Amino acid sequence: MLKLYNSLTRMKEVFEPLGPPFVGMYVCGPTVYDEPHLGHAKSYISFDIIVRFLRAAGYRVRYVQNITDVGHLLDNEAGEDRILKKARLERLEPVEVAQKYENSYFRSMDRLNNLRPDISCRATGHIPEMLEMVQALIEKGYAYEEDGNVYFDVRKFAGYGKLSGRTLDELREGVRNEPAEGKRYFADFALWKKADAAHLMRWRSVWGMGFPGWHLECSVMAAKYLGESIDIHGGGLDNQFPHHECEIAQSEAASGKPFVKYWIHNNMVTVEGQKMSKSLGNFVTLGTLFERFTPMTVRFFVLQGHYRSPQDFSDQALEAAGKGFGKLARTISDLREKISRVPAEGKDVPEGPWGEYRERFFAFMEDDFNTAGAITVLFDLAKRIHSVLDTVPKTDLIQAERLFSFLSEDILGFRFQDVERYSSGSLESDLIALCIELRRECREQKLWTLADRIREGLMTMGISLEDGKDGTRWRKKT
RNA sequence: GGCGGCGUAGCCAAGUGGCUAAGGCGGAGGUCUGCAAAACCUCUAUUCAGCGGUUCGAAUCCGCUCGCCGCCUCCA
């Protein structure tokens, strides 16, 4: 029985999808105006785990993620948005900026081994649908037009504030900026903004040339691909208000139906104890991070925390995570060597001698995706496997490999080939075999210094040697 | 200022009313080994920021204090 924390009710609830076995899940994607960073890693790994686990639990998930490639205003008076600003700075078309960073985003997500969404949809590809929703909201009396801008009238929507737990009065106290011209009420938000010719990304509408408000794309694309009521909507905690609050208002006002059954928000990251921001100069892109830590180390690190807890990225913590991950990687490597078998696709879930571990793993995952707890089961299993590696029947080891692979690769999304051997018969493996043979002869003649030089030399090339009873084995250093 | 969250060993971190407070990293000792590495075994928080309260019983609930963080119409 899967329980998950619903931000809407602020409680853990039993997961009961609207139309099992199907699950519709929408996750707010990136605004593609810059390189992906640490926050994206934590966020999208967290949601990847949710998709993977739901599938492992038997659900048929449709995972939709948007790409925000259109105009959201910066604070400045020029009315410039992030993408347009970047386009000006890099001397690119806005579409080129969006494409460039979308590519970069997916490259990084691929390296983290996050599954691609089933539908990746761009805001700019859904302008007609957005215009329809704005029109519908005006016709139903939830929105009004003022000089080419269209605003949502939050006082008409009774539930405004239910997600973030704020009342309009509380919101008013927190107001720091003067409301924009033309708004009837301070909390009203833009559905459509007019744009002059200097604004490169603009579209024709019955209210004149303009561009859509930020919140609109998610309401429209979620409805288009998942229906008016969806099971799960995910995103960063920083988007809970106002973005998701506004999505609810638009969608529910337009459809008259509940928009989302379960809201899931992941928490934020800090860097060496500080908020990550460009102004503090501690902004870490994934490209930079991957120069120092492997994507799997980052994935392991993220999963050792909980998605609803904040997480601090520090060198010390990442290094520790890398070592821990290496231990898991060696386990499956040892296991596969022992059973002379590469992992099969579509593996079964054994009920046999390892069933207890599977149950414990699932119990953690079913409790609001407690990946940290699930990983402890993996370590227990690894320890058990190593203890019995030379004593139990091969059939048991085959089952162990299937289970370990199912839990760690399929569900947690780890990828272990980094520590596996070069394919046999390759130049590398032949050369390494030669070194090992030469070292063996040195050792027979007790030429320890020379033998150690060979071992250390290989070590500096990232190859570690391990002497065992059955001879020397080697593997790529993790 | 308003709203919300967090504070668990040297580091990371799970646990949110009741057996001996998971696990990883690090550290100590041991088995194995020419030495290593890997693996395995043992040990490493009388205690969960502090103080007070509720309870037969609290890291877990309540109050206050201290510290840190997020949101308040850019942000995963």
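Order of the sequence lines sets the chain letters (A, B, ...), proteins ahead of strands, with each chain counted from 1. In this text, all values refer to a predicted model and were calculated from it rather than measured experimentally.
- Across B:C11, B:C40, B:C35, the shortest atom-to-atom separation from the side chain of A:R439 is found for B:C35.
- Using atom P as the reference point in both B:G30 and B:A36, the two lie 11 Å apart (nearest Å).
- The gap from the P atom of B:A9 to that of B:U46 amounts to 10 Å, rounded to the nearest Å.
- Side-chain proximity of A:S43 to the nucleotides B:U73, B:A76, B:G15 is greatest for B:A76.
- Across the P atoms, B:C62 and B:U16 are found 15 Å apart, a figure rounded to whole Å.
- Listed candidates were B:G34, B:C40, B:U73. Nearest to the side chain of A:A187 is B:U73.
- No close placement of the A:F379 and A:Y357 rings is indicated, their centers lying 6.0 Å or farther apart.
- A close approach under 4.0 Å does occur between a side-chain nitrogen or oxygen of A:N370 and OP1 or OP2 of B:G15.
- For the ring pair (Phe, Tyr, Trp, His ring centres under 6.0 Å) test with A:Y44, the passing option among A:Y105, A:F106, A:Y63 is A:Y105; the others fail.
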Exercise. Yes or no on side-chain hydrogen bond (donor to acceptor under 3.5 Å, both in side chains) for A:Q250 and A:S219, after CA distance, side-chain angles and deciding distance?
Worked result: CA-CA 7 Å; A:Q250 293 164 346; A:S219 286; 2.9 Å; yes
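- As rounded to the nearest Å, B:C64 and B:A28 have P atoms that lie 46 Å from one another.
- Residue contacts for A:G39: at a heavy-atom cut-off of 4.0 Å it reaches a base atom on one of the strands shown.
- We find that the ring of A:W448 and the base of B:G34 stack, their centres lying under 5.5 angstrom apart and their planes tilted less than 30°.
- Side-chain atoms of A:D238 lie closest to B:C71 of the nucleotides B:C25, B:C71, B:C35.
- Taking atom P in both B:A58 and B:A21, one finds a spacing of 14 Å when rounded to whole Å.
- For the C1' atoms, the distance linking B:G15 with B:U54 amounts to 22 Å, nearest Å.
- In A:R308, the CZ atom is crowded: over 12 heavy atoms of neighbouring residues, nucleotides or ligands sit closer than 6.0 Å.
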Exercise. Run the ring pair (Phe, Tyr, Trp, His ring centres under 6.0 Å) check on A:F313 and A:F301 step by step: do they pass?
Worked result: CA-CA 9 Å; A:F313 278 71; A:F301 174 68; 4.9 Å; yes
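- Distance, A:R308 CZ to B:G4 C1': 13 Å, rounded to whole Å.
- Summary of the strand contacts: A:F300 and A:R10 both lie near RNA chain B, and taking for each the nucleotide with the nearest heavy atom, the more 5' one is attributed to A:R10.
- Comparing the C1' positions of B:C66 and B:U55 gives a spacing of 27 Å, expressed to the nearest Å.
- Mapping A:H243 and A:A451 onto RNA chain B by nearest heavy atom places A:A451 closer to the 5' end of the strand.
- Nucleotides B:G10 and B:C51 place their C1' atoms 27 Å apart, quoted to the nearest Å.
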